[in-house]
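To keep things clear, I will list the structure first and then write my remarks on it.
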There are 2 protein chains.
Amino acid sequence: MKVAGTSAPPETAPPETAPAASRPGLRELKKQRTRDLLLRSALELFTERGYEETTVDDIAEAADVSQRTFFRYFASKEDAAFFVSRLAESRFVEAVHARPPEEAPLDALRLALAASWSTIGEAVEQLVPLELHMRFYRVIESTPALLAAHLRRATELEEEIARVVAGREGLDLDADPRPRVVVAVFGAVMRVTERIWSARDDASLAALRDLTADYLDHVAPALTGNWRSSET
Amino acid sequence: MKVAGTSAPPETAPPETAPAASRPGLRELKKQRTRDLLLRSALELFTERGYEETTVDDIAEAADVSQRTFFRYFASKEDAAFFVSRLAESRFVEAVHARPPEEAPLDALRLALAASWSTIGEAVEQLVPLELHMRFYRVIESTPALLAAHLRRATELEEEIARVVAGREGLDLDADPRPRVVVAVFGAVMRVTERIWSARDDASLAALRDLTADYLDHVAPALTGNWRSSET
DNA sequence: AGGCTAATGACAGCCGCTGACAGTTGACAA
DNA sequence: TTGTCAACTGTCAGCGGCTGTCATTAGCCT
């Protein structure tokens with residue numbers, strides 16, 4: 001039986017890193033460096049050997065710290081794996097917020113996505129090479145445990161976005177099914193796209209962007225009646 | 001690093017149980033009983049104490065076998081948790097297969113679902129009390145690790161159904177995005193429904209059935225333009 | 001009855017993860 | 001500068017999920 005720890009685990013983002021901006025300080029700098037090093041070491045090992053084949057000890061050793069220290073920076077091995085993704089997702093959420101409220105919900109989501117690609121790319125690059133992050137997506141798709149975690153995180157993100165959409169439209173999220181339904185549909189198409197993309201050769205962000213745009217165009221036609229009477 | 005075992009793990013369904021039908025035999029009978037007992041013990045403990053709070057040792061002890069034996073029947077703790085779900089899902093897949101090919105894809109999925117509820121209920125009851133299975137759904141929704149696994153399994157199921165849909169329509173699954181898109185949309189609505197349902201009081205199968213039907217009616221309206229100009 | 005083989009239990013060990021404790025090292029004031 | 005405090009870290013021990021190994025048990029078949 002696992003009990004809730006008395007100490008505060010990092011979970012998603014270390015809250016104590018906040019005052020770093022005011023005045024870095026040698027201590028904060030070292031922490032930042034250790035975390036970045038752990039992060040890069042982890043992603044590199046994951047993409048080279050595979051996620052399951054990489055032990056936390058391997059990562060810690062690559063970053064010259066103890067295994068215990070790894071777990072002081074990341075709540076779990078999985079937490080480290082999705083650290084960069086969290087950044088990217090928050091950019092998308094911001095983009096949705098920024099959409100003018102007169103746009104229809106599904107359009108707003110599409111346009112927010114289109115607008116945030118470059119921002120996402122830049123944000124990722126601050127942390128790790130963009131190409132490394134993109135390659136890691138293939139590891140996610142091909143590793144059951146990671147894919148499962150990815151999907152769960154995706155639904156959490158969808159809930160957050162559904163709240164934004166409901167707010168835009170002035171609706172009660174629990175009374176009206178439509179916000180969650182549109183967002184779920186949007187998310188579903190995104191995940192189908194990710195999957196197809198990760199199975200292909202071109203692992204670039206541009207390829208993902210284009211494929212996503214293409215698939216989103218097929219949502220409406222795919223839902224209407226008889227496919228055989230209309231052209232592809 | 002985990003290595004692939006030399007022995008064959010059960011994974012999803014024990015393949016050696018196949019010849020049981022020809023002539024049960026005392027051996028097969030005992031195996032069946034042990035597996036059923038492990039399954040029920042697991043689900044009961046999961047719903048009573050929670051999934052994380054139940055160790056495999058607890059389950060094994062409740063079924064009077066060693067922990068090692070548990071892992072001979074189920075590939076993992078998670079595998080046991082979803083054993084019943086697998087049964088239910090296979091019934092749904094069969095129902096999709098049975099739909100007349102002239103129905104539009106989304107209609108076929110809806111009608112297959114509507115047609116399979118009772119079949120699913122019966123199939124589940126063969127294995128464990130239906131009410132136990134329904135209660136366990138709430139555990140799934142409230143346990144991150146289980147929810148993640150559930151979502152991953154759901155996407156695998158969607159891939160299978162997408163193949164069926166593509167077959168019905170005579171399309172190449174990898175060339176035409178529409179089969180995967182409809183199925184993904186359908187699945188997305190299903191998961192939203194499950195979530196809402198599990199948060200409510202009425203944990204009955206009938207409640208899930210009605211809620212699902214209701215939400216599926218909202219798919220088309222939710223995707224079209226301006227919500228404020230049309231009624232809820 | 002006796003041999004064959006599947007099923008089981010007992011044991012050891014890996015890996016993810018956590019609590020506890022002690023040692024080290026920046027931060028900050030006297 | 002120096003001393004104190006708090007933060008960061010390493011070490012160690014231990015739990016739970018999971019697997020390989022091997023000896024033992026128990027159904028099956030002649």
Side-chain angles (χ1 to χ4, degrees), chain A residues 1-11 14-17 19-20 22-35 37-38 42 45 49-61 63-81 145-146 149, chain B residues 1-11 14-17 19-20 22-35 37-38 42 45 49-61 63-81 145-146 149:
Chain A
M1 166 176 176
K2 290 184 180 179
V3 293
T6 55
S7 64
E11 280 301 337
E16 71 278 7
T17 317
S22 57
R23 188 190 42 175
L26 214 168
R27 218 186 196 113
E28 307 296 332
L29 260 174
K30 273 184 130 180
K31 276 210 306 191
Q32 194 88 6
R33 261 207 298 265
T34 304
R35 199 207 52 185
L37 188 53
L38 277 169
L45 287 169
R49 296 188 203 172
Y51 180 76
E52 314 262 17
E53 290 72 26
T54 303
T55 70
V56 175
D57 281 313
D58 292 335
I59 303 168
E61 191 182 4
D64 280 311
V65 295
S66 70
Q67 187 223 49
R68 194 67 184 84
T69 293
F70 173 92
F71 283 110
R72 287 192 176 102
Y73 282 90
F74 303 101
S76 62
K77 187 173 154 183
E78 186 187 296
D79 183 53
L146 281 181
Chain B
M1 165 175 176
K2 292 183 180 180
V3 292
T6 54
S7 64
E11 280 301 336
E16 70 278 6
T17 317
S22 57
R23 187 190 43 176
L26 216 169
R27 221 192 197 108
E28 306 298 331
L29 260 173
K30 272 185 131 180
K31 275 209 308 191
Q32 194 88 6
R33 262 207 299 265
T34 304
R35 199 206 54 185
L37 186 53
L38 277 169
L45 287 169
R49 298 189 203 169
Y51 180 76
E52 314 262 17
E53 289 72 26
T54 304
T55 70
V56 174
D57 281 313
D58 293 335
I59 303 168
E61 192 181 2
D64 279 310
V65 295
S66 70
Q67 187 222 48
R68 195 64 183 87
T69 293
F70 172 92
F71 284 110
R72 287 195 177 99
Y73 282 90
F74 303 101
S76 63
K77 186 174 156 184
E78 187 187 295
D79 183 53
L146 280 180

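Convention: sequence-line order gives letters A, B, ...; per-chain numbering from 1. The basis for the numbers below is simple: all heavy atoms, side chains too, and nothing from hydrogens, waters or symmetry mates.
The nearest whole Å value for the distance from the CD atom in A:Glu78 to the C1' atom in C:dC15 is 15 Å. Atom CD1 of B:Ile59 is separated from atom C1' of D:dC18 by 13 Å (rounded to the nearest Å). Between the CG atom of B:Leu38 and the P atom of C:dT8 there is a distance of 9 Å, given to the nearest Å. In this structure, the CZ atom of A:Phe71 is 17 Å from the C1' atom of D:dC8, given to the nearest Å. Atom CD of A:Gln32 and atom P of C:dG26 are 17 Å apart (whole Å). At whole-Å resolution of the value, CG in B:Asp57 and C1' in D:dG17 are 9 Å apart. Between B:Asp64 atom CG and C:dT8 atom C1' the separation is 13 Å, expressed in whole Å. If you take CZ of B:Arg72 and P of C:dA6, they are 13 Å apart, rounded to a whole angstrom.
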Given side chain to side chain contact (heavy atoms under 4.5 Å, CB included), test A:Thr69 with A:Arg72 step by step and report yes or no.
-> CA-CA 5 Å; A:Thr69 293; A:Arg72 287 192 176 102; 4.0 Å; yes

From CA spacing to verdict: side chain to side chain contact (heavy atoms under 4.5 Å, CB included), A:Phe74, A:Arg35 | CA-CA 9 Å; A:Phe74 303 101; A:Arg35 199 207 52 185; 3.8 Å; yes

Intermediate values then yes/no, side-chain hydrogen bond (donor to acceptor under 3.5 Å, both in side chains), B:Asp58 and B:Thr55 | CA-CA 5 Å; B:Asp58 293 335; B:Thr55 70; 3.1 Å; yes

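Summary of the strand contacts: B:Val56 and B:Lys30 both lie near DNA chain D, and taking for each the nucleotide with the nearest heavy atom, the more 5' one is attributed to B:Val56. Between B:Arg27 and B:Tyr51, the one whose closest nucleotide on DNA chain D sits nearer the 5' end is B:Tyr51.
Nearest to the side-chain atoms of B:Gln67 among the listed nucleotides C:dC17, D:dT19, C:dG19 stands D:dT19. In this structure, the nucleotide among C:dC17, C:dA10, D:dG10 sitting nearest to the side chain of A:Ser76 is C:dC17. Side-chain atoms of A:Thr34 lie closest to D:dT9 of the nucleotides D:dT19, C:dT8, D:dT9. With distances taken from any side-chain atom of B:Lys77 to the nucleotides C:dT5, C:dC21, D:dC18, the minimum falls on D:dC18. The A:Tyr73 side chain lies nearest to D:dC8 when the options are C:dG9, C:dG16, D:dC8.
Here B:Thr69 reaches the OP1 or OP2 of C:dG9: one of its side-chain N or O atoms lies under 4.0 Å away. When the side-chain nitrogen and oxygen atoms of B:Lys31 are compared with OP1 and OP2 of C:dA7, one or more of them lie within a distance under 4.0 Å.
With a 6.0 Å radius and a threshold of 12 heavy atoms from other residues, nucleotides or ligands, A:Glu61 has its CD atom at or below the threshold. When the shell of 6.0 Å around CD of B:Glu78 is examined, it contains more than 12 heavy atoms from other residues, nucleotides or ligands.
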